[in-house]
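Just below is one structure, and these are the notes that go with it.
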Amino acid sequence: MSGYGKWVAGSKTKWITLAVWIAVIGALTMLWPGVNSQELNNASNLPEDSQSVRAAVIAEREFPAGSGIPALLVWHREGGMSEEDLMHIIAVYSKLEQQPLAHQNYVPPLGQLPPQALQASLSEDGSTLVTPVLFDKTADSDQLGEALTEMKKIVNTETGGDPSAAEVDGSGLSLRVTGPVGISVDAAGLFQNADVSLLIATVVLVLVFLLLIYRSPILALIPLAAVGFAYGAASPVLGKMAQEGWITVDSQAISIMTVLLFGAGTDYCLFLISRFRQMLKVEEHKGRALLRAITHSSGAIAMSGFTVVLALFALLLAKYGAYHRFAVPFSVSILIMGIASLTLVPALLAIFGRTSFFPFIPRTPQMEAERAKAKGRPVPQPNNSHKKGIGHHVVTRPRAIVGITVVLLGVLASFSGGIRFTYDILSSFPKDMESREGFDLIGKQFSPGGLAPAKLIIDTQGKVDGEDIKVVLGGISYIDKVSDPQQGAVNRNILGYDVEFKSNPYSLEAMNHIPALLASVEQALAESEVDNARDSVWISGQTATQHDTKELGERDTDLIIPVVIGMITVLLLIYLRSVVATIYLVATVILSFFSALGLGWIIIHYLMGAEAIQGAIPLYSFVFLVALGEDYNIFMISNIWKKRKVMPLKQAVAEGVNETGSVITSAGLILAGTFAVLASLPIQVLVQFGIITAIGVLLDTFVVRPFLVPAVTVLFGRRAFWPGKHKELERALPVGED
């Protein structure tokens with residue numbers, strides 16, 4: 001490692017390393033597009049063989065008039081809508097027919113109707129009307145947002161006011177756009193608005209933490225500079241990959257990638273900086289001190305980064321698009337951050353040297369004495385007081401510590417069994433979000449199922465009467481409304497029905513009705529002797545899509561979690577060459593994960609009042625926590641392993657825990673803080689993910705790493721190294737000393 005250190009941070013090569021980084025980023029920025037310019041927020045999440053996707057293809061072919069994505073315009077006036085209000089709505093639709101919006105697919109001919117015809121569609125109290133506008137499925141969220149903005153201008157012109165800005169419970173006419181289009185636009189807007197605030201909050205938080213920890217403005221800026229360089233390289237690399245069609249990136253992935261870079265990247269920098277600081281207190285020559293620091297820490301940094309990269313690459317096994325799309329951006333960004341930590345950071349430390357720590361510059365005792373003598377001050381006396389620290393308590397009472405920590409973590413983990421999950425995207429939105437307000441009005445004035453009706457498609461093969469099927473559907477308890485049968489445009493034997501559930505179409509309850517509805521219709525067809533009834537029924541729409549999302553997400557979770565555990569186990573075996581240590585290190589991180597889930601559920605459900613957490617959170621949290629949690633274990637245990645070669649195990653554990661304690665605590669606080677920043681955003685899925693991940697990092701930092709892992713290591717004694725051997729230790733210690 002000394003050769004590598006001289007290569008990146010030598011007296012001359014340090015400037016070459018910095019110049020190479022600047023040149024590479026400059027070239028990449030000029031030649032390739034940034035990742036933000038290649039966002040695609042409407043990419044499909046479901047594979048083509050999913051039931052809802054196949055149903056959507058048939059619906060588009062057979063019922064093209066209703067095959068677009070609907071925006072539901074919810075018009076409302078407290079006390080009842082006037083005839084003038086209805087005339088304004090008719091005028092709006094007349095304009096939309098004459099001058100269609102960009103990406104507009106279809107509008108009902110409301111512009112040709114008299115006001116009396118619209119009155120029949122009002123809610124019972126006459127206060128609310130819902131009218132649709134359909135858009136092309138190929139339009140992304142930005143394009144749909146622009147179309148809605150243009151539509152609202154038309155509404156403002158025709159009404160002489162601004163119904164979108166009017167209060168729902170006010171006396172004026174209000175308009176709220178909801179449905180799949182409104183929800184999609186609002187979701188994209190939340191992430192777009194979150195990007196800048198998230199970046200600013202993360203930078204400020206990391207900077208404040210670094211200033212508090214090291215009290216040095218220069219040192220606080222070095223990790224931030226490294227993260228900036230890493231992002232500067234990762235952005236065009238990912239942008240080029242997206243431009244070539246190799247990967248797809250969305251705003252959510254970029255937001256979390258930014259947080260991950262700052263959190264994990266700062267950790268890697270601190271691992272090296274803390275070791276450099278220690279070496280400067282015993283080594284007068286800053287170059288030799290840095291080379292020793294690189295030699296001692298580079299292996300753990302490389303192993304930690306490689307562990308995270310491989311764990312994140314496991315997301316490539318996911319079939320669900322959103323999971324799959326996270327794999328490459330996260331992995332590539334961490335890989336580049338790891339390279340920056342092992343090359344750029346050493347070069348910057350070599351350039352600034354001891355000045356990096358100004359004004360609290362670490363010096364050797366001899367240097368401090370000479371400095372004091374030169375200034376005419378008393379020579380500082382060495383502090384010989386022995387601080388026992390946490391490590392001493394761990395090695396003296398390992399059984400008690402293991403018992404207490406396992407019980408504590410086990411109790412927290414037990415709460416994870418009671419977690420309820422939701423796939424309702426609306427519950428992630430703030431209550432004053434436009435699409436959510438529109439949905440609340442629909443649920444209050446009409447059936448909630450009207451927000452996103454399911455499209456039931458049946459190939460009758462000419463053996464079943466459409467009205468008979470409607471009667472069967474009308475008798476199902478969870479269905480509120482069924483439309484008249486619509487005949488297919490290509491195959492006249494295919495019939496379509498718009499079905500409204502009684503419950504929120506995005507709720508778990510409604511999603512669970514999809515397989516039951518398929519089974520009911522298949523049975524009715526079988527009784528009518530329709531051939532292959534099982535393959536003659538399809539359901540499209542948001543509820544069917546969400547059902548497939550849930551099924552696919554559970555499949556991915558069941559596959560990826562064991563794969564990640566397996567990969568990390570293999571990496572630890574290769575690095576530590578100890579079966580026993582590998583087993584208990586992996587086991588402690590898994591226990592920590594379930595404890596974080598349990599404590600997160602206590603906070604989110606019992607304190608914040610959420611009825612459920614988003615279904616994607618366990619997989620996201622697991623991948624991050626298990627991969628990042630092993631970082632701290634690797635850094636600490638590698639220190640213990642090295643000391644174990646030249647001193648008794650208990651002494652090695654005590655010193656290893658004490659030496660790594662401050663840096664891992666600092667790194668853990670910064671990493672937890674960066675994830676906690678997500679909790680400040682108005683998006684519930686990121687709030688919940690941020691809370692659970694931050695809790696997991698804190699549990700690793702303050703319970704698992706300083707107490708549980710070293711205590712277990714002490715209890716296992718020499719068996720912790722099995723089957724590896726340390727010849728130096730065997731000569732140094734009598735048999736049975738442990």
Side-chain angles (χ1 to χ4, degrees), residues 45-47 49-63 66-67 69-70 179-180 421-426 439 442-443 446-461 463-488 491 493-555 615:
N45 286 324
L46 298 175
D49 60 352
S50 296
Q51 189 281 142
S52 59
V53 175
R54 289 185 286 113
V57 171
I58 296 171
E60 190 167 359
R61 183 188 72 214
E62 300 292 343
F63 311 102
S67 64
I69 310 174
F421 298 103
T422 179
Y423 294 82
D424 179 5
I425 189 173
L426 278 171
F439 167 68
I442 291 176
F446 303 95
S447 163
L451 176 66
K455 188 77 171 183
L456 175 65
I457 305 167
I458 304 170
D459 185 356
T460 65
Q461 301 173 16
K463 298 179 180 180
V464 184
D465 184 82
E467 291 299 326
D468 292 341
I469 294 292
K470 182 178 179 181
V471 170
V472 171
L473 296 174
I476 297 177
S477 61
Y478 50 79
I479 291 179
D480 186 65
K481 292 181 182 177
V482 182
S483 71
D484 291 331
Q486 307 144 33
Q487 202 166 37
N491 185 342
N493 289 327
I494 288 182
L495 300 179
Y497 300 84
D498 293 322
V499 177
E500 294 183 16
F501 296 114
K502 291 181 179 178
S503 53
N504 173 0
Y506 290 92
S507 68
L508 201 58
E509 179 185 357
M511 292 189 313
N512 289 336
H513 294 325
I514 294 297
L517 179 56
L518 284 168
S520 297
V521 178
E522 287 168 6
Q523 183 179 354
L525 294 181
E527 291 173 355
S528 300
E529 299 183 351
V530 170
D531 298 331
N532 201 10
R534 193 182 192 91
D535 295 325
S536 300
V537 185
W538 307 269
I539 303 177
S540 67
Q542 293 299 307
T543 308
T545 298
Q546 292 295 94
H547 175 266
D548 285 349
T549 296
K550 173 178 174 291
E551 295 292 311
L552 210 57
E554 290 174 350
R555 172 262 177 202

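Here the straight-line distance linking atom CG of L525 with atom CD1 of I469 works out to 5.0 Å at 0.5 Å rounding. Rounding to the nearest 0.5 Å places OG1 of T543 at 11.0 Å from CG of N512.
Other residues, nucleotides and ligands contribute at most 12 non-hydrogen atoms within 6.0 Å of the CZ atom of R534. By the neighbour-count criterion of 12 heavy atoms within 6.0 Å, atom CD of E529 is sparsely surrounded, having that number or fewer from other residues, nucleotides or ligands.
Note on K481 versus D498: no salt bridge recorded, every NZ/NE/NH1/NH2 to OD/OE distance being 4.0 Å or above. Salt-bridge annotation for E551 and R555: absent, with no side-chain N of the basic residue lying under 4.0 Å from a carboxylate O of the acidic one.
Side-chain contact between P180 and I69: present, with at least one pair of heavy atoms (C-beta onward) separated by less than 4.5 Å. The shortest distance between side-chain heavy atoms of V53 and P47 does not fall below 4.5 Å. Within the 4.5 Å cutoff, the side chain of S52 has no heavy atoms near those of the I539 side chain. A 4.5 Å side-chain heavy-atom check between Q487 and I494 finds every atom pair outside the cut-off. Contact of the V521 side chain with the V472 side chain is not registered, since no non-hydrogen atoms from C-beta on lie closer than 4.5 Å.
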Discussion item. If you apply the rule side-chain contact (heavy atoms from CB on, under 4.5 Å), what do you find for K502 with I479, and how did you get there?
Written reply: CA-CA 6 Å; K502 291 181 179 178; I479 291 179; over 6 Å; no
Fill in: Verdict with reasoning, S50 to D548, per side-chain hydrogen bond (donor to acceptor under 3.5 Å, both in side chains)
CA-CA 7 Å; S50 296; D548 285 349; 4.6 Å; no
Worksheet item: Hey, mind stepping through L518 and W538 against side-chain contact (heavy atoms from CB on, under 4.5 Å) and telling me if it holds?
Response: CA-CA 7 Å; L518 284 168; W538 307 269; 5.8 Å; no
Practice prompt. Go through the steps to decide whether K550 and H547 satisfy the test side-chain contact (heavy atoms from CB on, under 4.5 Å), and finish with yes or no.
Written response: CA-CA 5 Å; K550 173 178 174 291; H547 175 266; 5.6 Å; no
Discussion item. Would L473 and L517 count as a side-chain contact (heavy atoms from CB on, under 4.5 Å) here? Give the steps.
Written reply: CA-CA 9 Å; L473 296 174; L517 179 56; 3.8 Å; yes
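In this structure a side-chain-to-backbone donor-acceptor pair under 3.5 Å is missing from Y497 to I458.
Heavy-atom minimum distance, N491 versus E62: N-OE1, 3.0 Å. Shortest non-hydrogen contact noted between G449 and E500 is O-CG, 3.9 Å. Closest non-hydrogen pair, A56 versus S540, comes out as N-CB, 3.8 Å. Among all heavy-atom pairs drawn from V464 and S528, the shortest one is CG2-CB, 3.6 Å. Considering all non-hydrogen atoms of both residues, F421 and G615 come closest at CD2-CA, 4.0 Å.
Neither side chain, N493 nor T460, offers a donor N or O lying under 3.5 Å from an acceptor on the other.
Put simply, the residue from L456, V530, I457 that forms a side-chain contact (heavy atoms from CB on, under 4.5 Å) with V537 is L456.
By the ring pair (Phe, Tyr, Trp, His ring centres under 6.0 Å) test, Y478 pairs with H513, sequence neighbours left out. For N532, the side-chain hydrogen bond (donor to acceptor under 3.5 Å, both in side chains) partners two or more places apart in sequence, or in a different chain, are D535.
Remark: K455 qualifies as a cation-pi partner of F63 under the 6.0 Å distance and 45° angle criteria applied to the six-membered ring.
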Considering only distance and modelled atom types, tabulate donor-acceptor pairs under 3.5 Å from the side chains of residues 504-511, sequence neighbours left out.
residue, atom, partner, partner atom, Å
N504, OD1, Y506, N, 2.9
N504, ND2, D424, OD2, 3.0
S507, OG, N504, O, 2.6
S507, OG, A510, N, 3.2

